K.L.:
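For reference, the structure I am asking about is given below.
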Amino acid sequence: MPFVTTLTFTSGDRHRLDDTVTEIKESAEQKGVELKGPHPKQPQELRIPQSKSLGPSGGRFESWNHTVYTRTIEIVGYEEFARNVTQRTFPKAIHVEAGVEQRTQVGSGS
């Protein structure tokens with residue numbers, strides 16, 4: 001039963017995010033690692049209100065808009081490669097989440 005490591009990358013910097021995920025994908029291809037993805041998700045548009053007022057007249061700063069991009073990859077088996085990827089130092093603009101799941105093969109009876 002193989003272990004599947006799911007890595008979710010999020011960032012407001014789409015180009016840096018894509019470069020990082022592409023680098024991991026190319027490294028996996030060079031080592032013969034089974035990697036699925038990257039799977040992009042719909043960008044999330046965030047609107048952050050500014051709380052400070054401009055003066056006694058009650059004017060306010062405009063809300064700040066921010067787009068968050070997400071990419072997901074799955075590493076099937078190859079636990080050592082997955083461990084090495086999760087231990088990397090990523091740019092501060094990129095947030096990484098990792099999850100590990102043990103999957104049974106179809107028709108294994110368990």
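Sequence positions, counted from 1, serve as the residue numbers for this chain. Basis for what follows: all heavy atoms, side chains included, without hydrogens, waters or symmetry-related copies. Note that the coordinates shown come from a computational prediction; the quantities given were computed from them, not determined experimentally.
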K.L.:
Kindly give the heavy-atom pair with the smallest separation between Arg16 and Ile94, and that separation in Å.
P.N.:
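Taking every non-hydrogen atom into account, O-CD1, 3.8 Å.
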K.L.:
Could you give me the CA-CA distance, side-chain angles and deciding distance for Phe90 and Ile24, then say whether side chain to side chain contact (heavy atoms under 4.5 Å, CB included) is met?
P.N.:
CA-CA 11 Å; Phe90 293 99; Ile24 293 169; 4.0 Å; yes
K.L.:
Roughly how far, to the nearest 0.5 Å, is the OG1 atom of Thr72 from the CZ atom of Phe9?
P.N.:
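One finds 9.0 Å between CZ of Phe9 and OG1 of Thr72.
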K.L.:
Hey, does Ile48 have a side-chain heavy atom less than 4.5 Å from the side chain of Leu46?
P.N.:
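Yes; the side chains approach each other to less than 4.5 Å.
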K.L.:
Mind listing the closest non-hydrogen atom pair of Ser63 and Pro49 along with its distance?
P.N.:
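In this case the closest contact between Ser63 and Pro49 is OG-CA, 3.7 Å.
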K.L.:
Scan residues 17-31 for pairs that pass salt bridge (charged side-chain N to carboxylate O under 4.0 Å, His left out), counting only residues two or more places apart or in two chains.
P.N.:
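Sorted result for residues 17-31: Asp18-Arg71, Glu23-Arg88.
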K.L.:
Once salt bridge (Lys or Arg N to Asp or Glu O under 4.0 Å) is applied, do any residues pair with Glu101, and if so which ones, sequence neighbours excluded?
P.N.:
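For Glu101 the salt bridge (Lys or Arg N to Asp or Glu O under 4.0 Å) partners, ignoring immediate neighbours, are Arg103.
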K.L.:
Going through the checks in order, is the side chain to side chain contact (heavy atoms under 4.5 Å, CB included) test met by Val4 and Val100?
P.N.:
CA-CA 6 Å; Val4 177; Val100 180; over 6 Å; no
K.L.:
Val68 and Val21: same hydrophobic cluster, using ILVMFWY side-chain contacts below 4.5 Å?
P.N.:
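No, Val68 and Val21 fall in different hydrophobic clusters.
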K.L.:
When you look at Glu34 and Lys36, which way does the side chain to side chain contact (heavy atoms under 4.5 Å, CB included) test go after all the steps?
P.N.:
CA-CA 7 Å; Glu34 182 182 349; Lys36 297 179 182 178; 3.6 Å; yes
K.L.:
Nearest 0.5 Å, please: how far is CZ in Arg14 from OG1 in Thr67?
P.N.:
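Interatomic distance, Thr67 OG1 to Arg14 CZ, rounded to 0.5 Å: 10.0 Å.
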K.L.:
I'd like to know whether Tyr78 forms a side chain to side chain contact (heavy atoms under 4.5 Å, CB included) with Thr5, so could you lay out the CA-CA distance, the side-chain angles of the two residues, the decisive distance to 0.1 Å, and finally the verdict.
P.N.:
CA-CA 9 Å; Tyr78 301 94; Thr5 305; over 6 Å; no
K.L.:
Considering non-hydrogen atoms only, spot the tightest contact between Ala93 and Ser11 and give its length.
P.N.:
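For Ala93 and Ser11, the tightest heavy-atom pair comes out as O-OG, 2.7 Å.
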K.L.:
When hydrophobic residues are tied together by side-chain contacts of less than 4.5 Å, even through go-betweens, does Val96 share a cluster with Leu17?
P.N.:
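Same cluster.
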K.L.:
Quick one: closest heavy-atom pair of Pro38 and Ile73, and the distance?
P.N.:
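Scanning both residues completely, I find the closest heavy atoms to be CA-CG2, 3.5 Å.
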K.L.:
Where do Gly12 and Tyr69 come nearest, in terms of heavy atoms and distance?
P.N.:
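For Gly12 versus Tyr69, the nearest heavy atoms are O-CE1, 3.7 Å.
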K.L.:
When rounded to the nearest 0.5 angstrom, what distance separates CG in Leu7 from CD in Glu74?
P.N.:
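If I round to the nearest 0.5 Å, the distance is 9.5 Å.
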K.L.:
Tell me whether Glu62 at atom CD has more than 12 heavy atoms from other residues, nucleotides or ligands lying less than 6.0 Å away.
P.N.:
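Atom CD in Glu62 is not packed in, count stays at 12 or less.
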